Amino acid sequence: MRPLSGITVLDFSRVLAGPMATQVLAELGAEVIKVERPGAGDESRGMQPVLPSGESAYYFAFNRGKRSVVLDLKSERGRRLARDLAATADVVVENFLPGAMDRLGLGYRELAAVNPGLVYVSCTGFGQQGPYSDRRGYDTVFQALSGLMSLTGHPDSPPAKAGVPVADMTSGLWIAIAALTGLVGRGGTGRGSHVDLAMMDVQVSLLALAAARLFALDEDPGRTGTEHPGRVPSAAFECADGGWLHISCSDQHWLPLCAVLGLDELAADPELRPNAGRLAQRGRVMSALAEAFAARPRAEAATALRAAGVPAGEVNSVREILADENTSARGMVDHFRHPVAGTFPALRTPLRMSDVDGGFAAAPVGVPPRLGADTDAVLRERLGLGDSEIESLRGEGAIG
């Protein structure tokens, strides 16, 4: 259930990609010490939506199960405390611009000198080296530059961003993968490593299928809306009640689809049996399907198609999927009790690990820390500082 118990992560990251990764590690059992700046902390603490208690739901989404320590990294004493904490850690995660941590004396070389087993993950927009390494960027900038935005939306509409911050979130997953890979590698060599992870590289890696099409056909893919460029039919259709239903049909699903929708003429045409034939007559097929779906309520069509073995899924709103019976049965929504905001819902990690009884259980949902709530306790536990030393550091402004 808690496979990362005993692993300590020192987290210098802010906003989304890094905090998402370290939350994954925390909910799998790692002790994550989140280093925050005095006063405001992680920028996401002030991001909308803000609850009546003043806490940010955005911060809540990516910082559960961590301990918050406030250090002033602009002060020598604050930086020294950070180095001392890194000497006790297994993993460091940071997402500053290249060179920033080196200038603070907290770069990989400095920390590896005192902790050779340290796995140090640097997540930047464009990497530690390269012509764009000093550029700044946000999620949508990476979606645009990487080509993802050119593929998102309908052919007759402007480019569109994805509905979730896909650049940040996929980068967060790769940060977690990098940390785990480094820990496994350390088990064999006894030495840590420095991982250079660029968000831009992560987004380009998502182009695998689009790039394969370009490599094979010398064709630059474009926007196709909900349609699949190489499979017909695979798209969302509007139903009689205004709801949308998405289907994805391979050759074995074609005749059952036609039977459910009463498309006898299409079913009888042998040229449409293979996908290549349907691709060649995409307009005819899609027009007939759109007319058929427009005459059927969504729930009725979805039930009939699934009964016939045709892959079909309602285009749910966020409210609908969070209330869905499968989401509930899988335990994806849980709650934590925050000392100020009270009980608040949270999405759980999707991992389900076998337990001693042969079942599967999800990692528990942690509580997001209040700013600096754990500063004193962490300094006592990990560095052995006493109350007078801690108060002296606070008086100097090195800690918050």
Side-chain angles (χ1 to χ4, degrees), residues 8-19 21-22 25 31-45 63 66-130 132-138 171-172 175 178-179 182 191-199 369 371-372 374-376 378-379 382-383 385 389-390 392-400:
T8 299
V9 179
L10 191 59
D11 181 13
F12 293 97
S13 68
R14 307 98 62 217
V15 187
L16 205 167
T22 54
L25 302 177
E31 179 182 4
V32 176
I33 300 170
K34 183 177 178 69
V35 177
E36 301 192 68
R37 58 182 175 162
D42 185 329
E43 296 94 312
S44 67
R45 286 187 180 272
N63 289 283
K66 305 177 186 180
R67 308 179 80 185
S68 173
V69 171
V70 171
L71 300 180
D72 183 4
L73 299 182
K74 294 180 179 179
S75 74
E76 176 54 39
R77 291 293 297 276
R79 292 193 293 271
R80 191 184 311 158
L81 290 170
R83 284 193 291 272
D84 291 344
L85 287 173
T88 74
D90 300 285
V91 176
V92 160
V93 175
E94 61 94 4
N95 61 353
F96 291 95
L97 284 170
M101 292 293 275
D102 291 325
R103 289 190 291 274
L104 293 172
L106 298 171
Y108 174 67
R109 286 188 178 86
E110 293 87 348
L111 298 188
V114 297
N115 185 354
L118 189 66
V119 176
Y120 191 108
V121 183
S122 296
C123 178
T124 58
F126 299 94
Q128 298 296 307
Q129 296 95 29
Y132 298 168
S133 62
D134 61 347
R135 287 190 186 183
R136 299 175 183 268
Y138 287 100
S171 295
I175 293 170
R191 296 196 61 83
S193 56
H194 185 194
V195 180
D196 172 13
L197 182 69
M199 293 178 68
L371 180 61
D374 307 289
T375 302
D376 293 12
V378 168
L379 295 181
R382 303 198 73 86
L383 303 184
L385 300 187
E389 294 172 285
I390 291 173
S392 175
L393 289 166
R394 183 165 284 115
E396 295 176 24
I399 65 174

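FYI, the numbering just counts along the sequence from 1. The structure displayed is predicted, hence computed values, not measured ones.
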**Q** Just to verify, what does T88 make a side-chain hydrogen bond (donor to acceptor under 3.5 Å, both in side chains) with, not counting sequence neighbours?
**A** R382
**Q** Quick one: list whatever passes side-chain hydrogen bond (donor to acceptor under 3.5 Å, both in side chains) with S171, sequence neighbours left out.
**A** none
**Q** A178 and V119: which non-hydrogen atoms are nearest, and at how many Å?
**A** O-CG1, 4.4 Å
**Q** Are side-chain heavy atoms of I399 and V70 found at a separation under 4.5 Å?
**A** no
**Q** With a 3.5 Å distance limit and no angle check, can you tell me whether S68 reaches the backbone of G372 through a side-chain donor-acceptor pair?
**A** yes
**Q** Just wondering, do I175 and V93 contact through their side chains at under 4.5 Å, heavy atoms?
**A** yes
**Q** If only atom types and distance count, is the side chain of N63 paired as donor or acceptor with the main-chain N or O of P369 below 3.5 Å?
**A** no
**Q** With a 4.0 Å cut-off on N to O distance, would you call E31 and R67 a salt bridge?
**A** yes
**Q** Apply side-chain hydrogen bond (donor to acceptor under 3.5 Å, both in side chains) to S122 and E94, showing your working.
**A** CA-CA 5 Å; S122 296; E94 61 94 4; 2.6 Å; yes
**Q** Please lay out, stage by stage, how L97 and D134 fare under the test side chain to side chain contact (heavy atoms under 4.5 Å, CB included).
**A** CA-CA 7 Å; L97 284 170; D134 61 347; over 6 Å; no
**Q** Can you classify the ring geometry of Y108 versus H194 as parallel (below 30°), tilted (30 to 60°) or perpendicular (above 60°)?
**A** parallel
**Q** For a quick test of reading the model, state the closest non-hydrogen atom pair linking G41 to L371 and the distance between them.
**A** CA-CD1, 3.6 Å
**Q** Tell me the closest heavy-atom pair linking A398 and R77, and the distance in Å.
**A** CB-CB, 3.7 Å
**Q** Passes side-chain hydrogen bond (donor to acceptor under 3.5 Å, both in side chains), T22 versus K66? Steps please.
**A** CA-CA 8 Å; T22 54; K66 305 177 186 180; 2.7 Å; yes
**Q** Nearest 0.5 angstrom please: T124 OG1 to Q129 CD, how far?
**A** 9.0 Å
**Q** Give the intermediate values and the outcome of side chain to side chain contact (heavy atoms under 4.5 Å, CB included) for residues F12 and V92.
**A** CA-CA 7 Å; F12 293 97; V92 160; 3.9 Å; yes
**Q** Mind checking the OG1-CD1 spacing from T375 to I390? Nearest 0.5 Å is all I need.
**A** 9.0 Å
**Q** Of all the heavy-atom pairs spanning L106 and A82, show the shortest one and how long it is.
**A** CD2-CB, 3.9 Å
**Q** I want to check something: taking the side chain as every heavy atom from C-beta on, are K34 and P19 in contact at a cut-off of under 4.5 Å?
**A** yes
**Q** If we only count heavy atoms from C-beta on, is the L81 to L383 side-chain gap below 4.5 Å?
**A** yes
**Q** D196 side chain to Q128 main-chain N or O, any donor-acceptor pair under 3.5 Å?
**A** yes
**Q** Which is it for D72 and R37 under the salt bridge (Lys or Arg N to Asp or Glu O under 4.0 Å) test, yes or no, and what are the steps along the way?
**A** CA-CA 6 Å; D72 183 4; R37 58 182 175 162; over 6 Å; no
**Q** According to salt bridge (Lys or Arg N to Asp or Glu O under 4.0 Å), who are the partners of E389, at least two apart in sequence or on a separate chain?
**A** none
**Q** What distance separates L385 CG from D376 CG, expressed to the nearest 0.5 Å?
**A** 9.5 Å
**Q** What distance do Y138 atom OH and M199 atom CE have between them, rounded to the nearest 0.5 Å?
**A** 11.0 Å
**Q** If you compare all heavy atoms of G18 against all heavy atoms of N95, which two are closest, and at what distance to 0.1 Å?
**A** N-ND2, 4.3 Å
**Q** Applying salt bridge (Lys or Arg N to Asp or Glu O under 4.0 Å), run through R14 and E36 and close with a yes or a no.
**A** CA-CA 8 Å; R14 307 98 62 217; E36 301 192 68; over 6 Å; no
**Q** Less than 4.0 Å between a side-chain N and a carboxylate O, is that true for R79 and E110?
**A** no
**Q** Is the number of heavy atoms from other residues, nucleotides or ligands within 6.0 Å of CZ (R191) greater than 12?
**A** no
**Q** Hey, could you give me the CG/OG1 distance between L85 and T8, rounded to the nearest 0.5 Å?
**A** 10.0 Å
**Q** How long is the straight-line distance from CG of L393 back to CG of L379, given to the nearest 0.5 Å?
**A** 7.0 Å
**Q** Within a strict 4.5 Å, meaning less than it, do heavy atoms of the Y120 and L111 side chains meet?
**A** yes
**Q** Does the side chain of I33 come within less than 4.5 Å of V9's, by heavy atoms?
**A** no
**Q** Minimum heavy-atom separation for G107 to D102, with atom names?
**A** CA-OD1, 3.2 Å
